[in-house]
Amino acid sequence: MRLEIIKENGQREVFCGLTSIVWLHRRMPDAFFLVVGSRTCAHLIQSAAGVMIFAEPRFGTAILGERDLAGLADANEELDRVVTDLLVRRPEIRTLFLVGSCPSEVIKLDLAKAAERLSTRLQGQVRVVNYSGSGIETTFTQGEDNALTALVPFLPRNDESQLLLVGTLADGVEERFLTLFERLGISNVASFPPRRSTELPSLGKGTKVLLAQPFLGSTARALQSRGAQLLSSPYPLGVEGSSRWFEAAATAFGIDPAHTASVLDPLVERGRAAVAPHRRELEGKRLFLLPDSQMELPLGRFLHRECGMELVEVGTPYLDRALQQPELDLLPAGLQLSEGQHLEKQLDRVRAAKPDLVVCGMGLANPLEAEGFATKWSIELVFSPIHGCDQAGDLAELFARPLRRRAMLAFN
Ligand code: SF4
């Protein structure tokens with residue numbers, strides 16, 4: 001397919017990678033995420049995590065003070081002290097992530113070295129891992145990509161045949177997927193990240209990797225460099241994406257296509273029936289997706305092909321061609337795709353196109369609503385269970401809801 005890509009650079013309205021801590025810490029309750037950053041970073045996490053900050057948090061910020069920034073204090077000594085205090089108070093922590101931020105990167109604080117030093121000191125008790133979630137280097141979901149990449153070297157070696165699902169999934173969705181793989185005849189399935197940070201899956205030549213999320217490019221490459229084979233598939237969003245995702249695994253494991261169909265067909269049928277009432281509301285409506293999570297391509301594909309929406313523009317913060325090709329193949333020819341962001345120019349395009357629905361971050365949603373646009377907050381898509389055929393109806397509903405609410409509130 002020929003691609004029209006608008007590549008933009010300029011003011012951006014996106015989260016930094018620190019935000020991914022909000023869902024990663026729920027996935028691995030025995031891990032702690034210590035951001036080494038400024039008060040700005042602490043504020044960001046607090047606002048993003050909302051009420052969760054009151055429930056014994058498993059994340060925090062070691063705030064770099066003026067003395068650290070001016071080079072007067074030995075930041076490494078201070079960090080060691082903070083970590084020691086933290087582990088005394090929270091002895092249940094098994095993995096400690098030292099998360100880099102803009103300030104720690106700008107003053108070139110070597111957190112990789114600090115992680116190594118602390119790991120050696122705490123050997124047998126706590127594993128200390130470093131990755132960057134800074135706004136200079138990462139956008140939103142890329143934080144998860146960096147966190148998982150940092151864990152890859154710790155995965156034990158094992159060349160036996162297995163399927164590795166990569167990317168954080170809601171617990172209920174993960175359980176459902178494991179049951180379905182079992183029914184397909186694939187029983188040796190592991191998840192990465194695991195639910196316990198100490199139970200890392202093994203990895204080797206017999207590992208076939210199926211990405212559950214499209215934003216895991218660097219993790220995928222790290223897994224491949226250790227011998228794993230990456231399966232190519234659209235992502236498990238919507239009925240079509242999910243069934244193709246399962247089929248990709250079934251084909252790779254030599255499962256009889258007739259058996260695969262017998263397992264998947266009833267799910268496809270049920271999923272389509274669940275999408276149908278929402279399709280009636282979404283069909284023919286014009287959609288503009290602003291860049292946020294790298295999930296825009298699979299979402300656009302689902303909303304176009306299964307819900308009948310017309311795509312005005314699909315924006316993504318970063319386009320990883322290798323990982324998104326199966327999605328690009330399913331999108332309509334001549335699609336207007338944008339990579340990166342120049343906020344003002346993009347908003348001009350939104351206003352000129354007058355779409356029926358704009359998918360965007362929270363910073364833009366209310367202002368756009370005030371201008372008369374119906375909007376959908378994109379952040380909900382990383383917190384809601386949206387993967388799999390069973391969730392396709394719920395996923396469509398997330399987009400139909402703002403349109404329905406708008407219709408209900410119209411007074412004319
Ligand atoms: S890491 Fe950078 S972008 Fe993110 S909150 Fe901290 S200062 Fe802001």
Side-chain angles (χ1 to χ4, degrees), residues 8-26 31-53 57-71 73 75-76 78-79 82-83 86 96-115 128-150 168 215 218-219 290-295 315-318 339-344 346 360-365 377-379 382-383:
E8 286 191 324
N9 240 327
Q11 195 196 339
R12 300 188 308 154
E13 176 78 32
V14 286
F15 283 122
C16 65
L18 294 188
T19 334
S20 55
I21 292 172
V22 178
W23 66 89
L24 282 172
H25 89 279
R26 292 167 72 186
F32 193 98
F33 294 80
L34 184 67
V35 177
V36 183
S38 63
R39 280 187 204 288
T40 313
C41 311
H43 283 307
L44 170 92
I45 307 267
Q46 283 190 9
S47 335
V51 339
M52 270 185 258
I53 55 165
R58 290 182 302 273
F59 50 84
T61 310
I63 293 173
L64 292 163
E66 277 170 21
R67 282 167 50 80
D68 302 299
L69 297 173
N76 281 308
E78 298 232 340
L79 187 61
V82 170
V83 168
L86 172 70
L96 175 66
F97 289 94
L98 294 182
V99 190
S101 66
C102 304
S104 72
E105 263 155 37
V106 169
I107 65 165
K108 304 228 176 314
L109 186 55
D110 194 340
L111 291 180
K113 272 244 170 67
V128 187
V129 184
N130 157 249
Y131 73 90
S132 168
S134 84
I136 303 170
E137 287 198 1
T138 60
T139 302
F140 197 24
T141 47
Q142 273 181 306
E144 172 169 343
D145 193 20
N146 280 1
L148 297 190
T149 305
T168 301
F215 45 75
S218 108
T219 308
L290 271 75
D292 195 51
S293 63
Q294 295 184 55
M295 293 165 81
T316 176
Y318 172 63
E339 181 184 13
Q341 191 170 42
H342 184 299
L343 185 62
E344 290 308 325
Q346 195 163 38
C360 59
M362 286 195 267
L364 294 173
W377 285 0
S378 48
I379 193 163
V382 292
F383 293 126

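Atoms within a ligand are numbered from 1 in the order they appear, just like the ligands themselves. Throughout, numbering of the chain's residues begins at 1 and tracks the sequence. Because the structure is predicted, anything quoted here is derived from the model rather than measured.
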K.L.:
Applying side chain to side chain donor-acceptor pair (under 3.5 Å), name anything that partners D145, two or more places apart in sequence or on another chain.
P.N.:
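Checked D145 against side chain to side chain donor-acceptor pair (under 3.5 Å); matches are T219.
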
K.L.:
Fit a plane to each ring of Y131 and F33, take the angle between them on a 0 to 90° scale, and name the class: parallel (under 30°), tilted (30 to 60°) or perpendicular (over 60°).
P.N.:
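Rings of Y131 and F33: perpendicular, over 60°.
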
K.L.:
Using the test salt bridge (Lys or Arg N to Asp or Glu O under 4.0 Å), find all partners of E13 that sit at least two apart in sequence or belong to another chain.
P.N.:
none

K.L.:
Testing the 3.5 Å rule here: is there a donor-acceptor pair between the side chains of R12 and T139?
P.N.:
yes

K.L.:
Pull up every protein N/O/S atom sitting under 2.8 Å from atom 4 (Fe) of ligand 1, skipping waters.
P.N.:
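Correct list: C16 SG.
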
K.L.:
Just to verify, what does T168 make a side chain to side chain contact (heavy atoms under 4.5 Å, CB included) with, not counting sequence neighbours?
P.N.:
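Partners of T168 under the side chain to side chain contact (heavy atoms under 4.5 Å, CB included) test: W23, L24, R27, E144, P193.
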
K.L.:
Restricting to non-hydrogen atoms, name the atom on S101 and the atom on G37 that form the minimum distance, rounded to 0.1 Å.
P.N.:
OG-CA, 3.2 Å

